[in-house]
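Accompanying notes for the structure given below.
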Amino acid sequence: MQFRISYTEAEQLISSKSGKELPMSYGGPHTVRISYKVPLMSSVGLDITVDRVFGSDIYLSFGGGAGIEFMLRTALSQAQGRPGGDMLEMMGGNQLRLMLGKNPQTAQLFDRITLEDIMFDEQWVIIDFTPKPF
């Protein structure tokens, strides 16, 4: 089965939850491009690629240069100790692991579904999953 959410809907959801505007666009079948406005600069672009999904963990890689890696490391260190801060782990190089099972609400979701893949097309974020039998 698939769940689809448009880039606009995803942007609005992120904005309503975080207060940050993160425009998104298609970057490839497993890649989304995200822009972020940085104070004293224009905007910074970041390509995030879904490398694989394993259980409730999503393995991601990112492109954007050494400056992006520094900003991500800084943001992750500031997030530690805050709600959800333990869900993201910086791995070697330009890789991240998003551990959705660490959130009680999403952990309940993974009791009911198996996440197969996350893909992108020109208009949609596509979440491919299989329901688990009751």
Check: I14 main-chain N/O paired with S18 side-chain donor or acceptor under 3.5 Å: yes

Flag side-chain contact, heavy atom, 4.5 Å: I34 against I48: yes

Verify same cluster id: Y59, M87 (apolar side-chain graph, 4.5 Å): no

Side chain to side chain, Y7 and F120, heavy atoms closer than 4.5 Å: yes

Qualifying salt bridge (Lys or Arg N to Asp or Glu O under 4.0 Å) pairs, either residue in residues 49-64, two or more places apart: D57-R97

Non-hydrogen side-chain atoms of R112 and P131 separated by less than 4.5 Å: no

Value rounded to 0.5 Å, distance of CE in M90 from CG in L96: 5.5 Å

Main-chain N/O of Y26 paired with E122 side-chain donor or acceptor, under 3.5 Å: no

Inter-residue atom distance M99.CE - T106.OG1, 0.5 Å rounding: 11.5 Å

ILVMFWY network linking I113 to V53, side-chain heavy atoms under 4.5 angstrom: yes

Set of side-chain hydrogen bond (donor to acceptor under 3.5 Å, both in side chains) partners for S56, sequence neighbours left out: none

R4, CZ: over 12 other non-hydrogen atoms inside 6.0 angstrom: yes

Atom pair CD1/CE of I5 and M24 - distance to nearest 0.5 Å: 8.5 Å

Reported CD1-to-CZ distance for the pair I118 and F129, which is rounded to 0.5 angstrom: 12.0 Å

Rounded distance (nearest 0.5 Å) linking atom CG of L98 with atom CG of L60: 6.0 Å

Nearest-0.5 Å distance, CG of residue D117 to OG1 of residue T130: 11.0 Å

Any donor-acceptor pair under 3.5 Å from K132 side chain to F110 backbone: yes

Verify same cluster id: M91, F54 (apolar side-chain graph, 4.5 Å): yes

Cluster check L109, L100: I/L/V/M/F/W/Y, side chain < 4.5 angstrom: yes

Over 12 non-hydrogen atoms of neighbours within 6.0 angstrom of CD in E21: no

Sequence-distant partners of E9, side-chain hydrogen bond (donor to acceptor under 3.5 Å, both in side chains), two or more places apart: S6

Joint hydrophobic cluster, L13 plus V32, side-chain heavy atoms closer than 4.5 Å: no

Side-chain donor or acceptor of D128 paired with backbone N/O of Q2 under 3.5 Å: no

